[in-house]
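In this text the structure is predicted, and so the values were computed from the model without any measurement.
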Amino acid sequence: MPKYDMGIFSMLAALDRATGLAPRESKSTTVITTEVMELPNRSSSDIRGDLEAGTGYGTVSAFQISAVFACARVLALGLAQVPCVLQRASATGGHEPARDHPLYDLLTRKPNNWMTSLELREWIGFHLALLGNAFLFVSRDSKGRAIELIPLPQGSVSILTPSFGEVTYRLNVKDQPIYSNANIWHIKGSSWNAIDGMSIQHIAARAIGLAGDLEDFGSQLFKNGSKPSGLLTTDNDLSPEQRASLMTAWNAQQAGIANAHRTAVLGNGLKFQPMQTSANEAQFIESRRYQTEEICRIMGVDPMMIAQSVGSASYASVEQKFLAHYTYTLAPLYERFMQSAEVSLLTLEEQRAGYRVFIDSRTITLASSNDRAAYYGAMRQNGLMTINECREHAGLERSNDPLADKLTPSANLFGPTGTGSAPIS
């Protein structure tokens, strides 16, 4: 195991304590316990204010909207579910796994002492989906190779943008030095100023806030037994104290799901006049459906991917939607991650030597086994792919057989020379 700079861990511990995310150490033992984070009770107006003002509650508030969390989870798991490996150019052409490089294990299995590769990329995906930025501290050995990747909490990094020169980063902890991009891996989402990514939770604050209003409306609707509010009327004069007492007694006996369908007994000339408003008249269902689709539109996720019904669909149309999800949502996310990882984690010499970060998305784009076999057979038969090219495309290691790197078109189609004409005598 490499020897790590313990000053980094001390800095991160202080950083976590400053942001309220540090584990608590028990006084009676040396066991470290972690408190369970409880989501604050935020109303729809609080959520809207948090998002528009960019307060610390912004991300938590956005996650309380089911459509936002579902879209962010689709993006995060989409980035995390596929294998990510470090490869280098092979002597026979193509690429091979660079298992002897420290970065290979970081990307494939264990980026640090407490996370797996899937967990780290899922964390990155969530941060990119909502914040537009993800920051990681990169520990390097004496040769400049990355040996550990440490995720940095939201709000813990400040970007310094001088008028001229390289962009640098400062960790928001007292007495910390300024770091270059050699130690801070900054993955940016879509950017307007080319310095940092745009935050969806701020740009779409009103759309997310409206979704919160609709969820709050639905919660109150069913909390009151799906019944509209009404008026208690009487011809008698009531004092303020009598009005308050009557309202309290009525709500205790009639409000809420537990009191639904109970019989009300009125006396002293009281009459109940319901307010004639229903969920359909308020277009509650239609509004919720539209707002869910609006959030999907903003976050670039097909509504089908979060189980939002968009009408009847055949198998063929569903298959095309999955391909569209990969083409327009996942593929750009993969390319963004791979390019950022290469320029931030590999040295210039390693990049020139043919090293690359590769996300193998074939597991989610390949057709059935029969379709793949027919495709590879046709490509070999027509002389468009070699055996090794077919094996590499299928995710298999290259063969050492010399014939595996030669085109072998079908002789009965192209002749013995593979040119479509008889050999010249």
Side-chain angles (χ1 to χ4, degrees), residues 1-2 4 8-9 11-13 15-17 19-24 32-39 59-60 62-63 68-87 97 99 101-140 145-157 171 183-189 197 200-201 299 301 305-306 329-330 333-342 344-345 357-361 363-364:
M1 292 291 292
Y4 301 113
I8 298 302
F9 292 95
M11 174 270 295
L12 288 172
L15 183 62
D16 284 347
R17 287 192 293 272
T19 55
L21 300 176
R24 176 181 296 178
I32 303 299
T33 59
T34 302
E35 293 183 348
V36 178
M37 184 183 72
E38 296 183 359
L39 294 178
T59 303
V60 174
F63 274 148
V68 175
F69 181 80
C71 288
R73 181 175 56 189
V74 166
L75 296 172
L77 291 179
L79 179 61
Q81 68 180 343
V82 290
C84 180
V85 297
L86 179 68
Q87 296 181 335
R99 294 187 175 91
H101 195 287
L103 186 58
Y104 181 88
D105 288 333
L106 300 186
L107 295 176
T108 306
R109 285 287 179 266
K110 190 176 181 181
N112 50 56
N113 285 336
W114 67 93
M115 300 180 77
T116 64
S117 173
L118 183 146
E119 292 169 344
L120 180 67
R121 283 181 283 135
E122 184 182 28
W123 178 89
I124 292 173
F126 271 121
H127 279 67
L128 290 178
L130 281 184
L131 304 176
N133 298 278
F135 297 93
L136 298 95
F137 191 91
V138 183
S139 297
R140 298 184 182 272
R145 299 180 301 180
I147 56 175
E148 190 171 31
L149 304 176
I150 303 173
L152 298 174
Q154 173 189 356
S156 63
V157 180
L171 299 179
N183 288 107
I184 300 295
W185 179 15
H186 178 195
I187 311 174
K188 297 187 291 289
I200 292 295
Q201 69 180 31
M299 301 188 69
V301 175
M305 301 305 300
I306 63 169
T329 301
L330 294 183
L333 180 61
Y334 294 161
E335 191 64 28
R336 184 187 304 278
F337 179 90
M338 289 188 293
Q339 291 192 17
S340 178
E342 287 174 3
S344 299
L345 303 180
V357 176
F358 180 65
I359 289 182
D360 191 352
S361 61
T363 56
I364 60 175

Donor-acceptor contact present, side-chain R109 to main-chain Y104, <3.5 Å: no
List in chain and number order the residues that pass side chain to side chain contact (heavy atoms under 4.5 Å, CB included) with E119, two or more places apart in sequence or in another chain; answer none if no residue qualifies. M115, T116
Is any side-chain heavy atom of I150 less than 4.5 Å from a side-chain heavy atom of W185? no
Inter-residue atom distance M299.CE - C71.SG, 0.5 Å rounding: 5.5 Å
Would you check if L106 and S117 make a side-chain contact, meaning some heavy-atom pair closer than 4.5 Å? no
Considering only heavy atoms from C-beta outward, does the side chain of L75 approach that of T329 to under 4.5 Å? yes
Could you check whether any side-chain heavy atom of F358 comes within less than 4.5 Å of a side-chain heavy atom of Y334, counting everything from C-beta outward? no
Shortest non-hydrogen contact from G78 toward L330: CA-CD2, 3.9 Å
Could you list the donor-acceptor pairs under 3.5 angstrom formed by side chains in residues 129-138, with sequence neighbours left out?
{"residue": "N133", "atom": "OD1", "partner": "H186", "partner atom": "NE2", "Å": "2.8"}
{"residue": "N133", "atom": "OD1", "partner": "G197", "partner atom": "N", "Å": "2.7"}
{"residue": "N133", "atom": "ND2", "partner": "L131", "partner atom": "O", "Å": "3.4"}
{"residue": "N133", "atom": "ND2", "partner": "G197", "partner atom": "O", "Å": "3.2"}

So which atom in C84 and which in F337 form the shortest heavy-atom distance, rounded to 0.1 Å? SG-CE2, 3.7 Å
Looking only at heavy atoms, which two atoms of E148 and N112 are closest? And how far apart? OE2-CB, 3.5 Å
Rounded to the nearest 0.5 Å, what separates atom CG in L345 from atom CG in L103? 5.5 Å
Taken to the nearest 0.5 Å, the spacing of L86 CG from E342 CD works out to 9.0 Å
Closest approach of M305 to V301 (non-hydrogen atoms, all atoms of both residues): CB-CG1, 3.9 Å
All heavy atoms of E122 vs all of A76, minimum pair found to be O-CB, 3.4 Å
Check: R145 and H101 side chains under 4.5 Å, non-hydrogen atoms: yes
Do the side chains of D105 and K110 get nearer than 4.5 Å, heavy atoms only? no
Between the CG atom in L149 and the OG atom in S139, the distance rounded to the nearest 0.5 Å is 8.0 Å
Side chains of L152 and L171: does their closest heavy-atom pair fall under 4.5 Å? yes
Taking atom types as modelled, find out whether R336 and S340 have a side-chain donor-acceptor pair closer than 3.5 angstrom. no
side-chain contact (heavy atoms from CB on, under 4.5 Å) partner of L333, the single match among L79, I124, I359: L79
Value rounded to 0.5 Å, distance of CG in L77 from CZ in F126: 6.0 Å
Applying salt bridge (charged side-chain N to carboxylate O under 4.0 Å, His left out), name anything that partners D360, two or more places apart in sequence or on another chain. R362
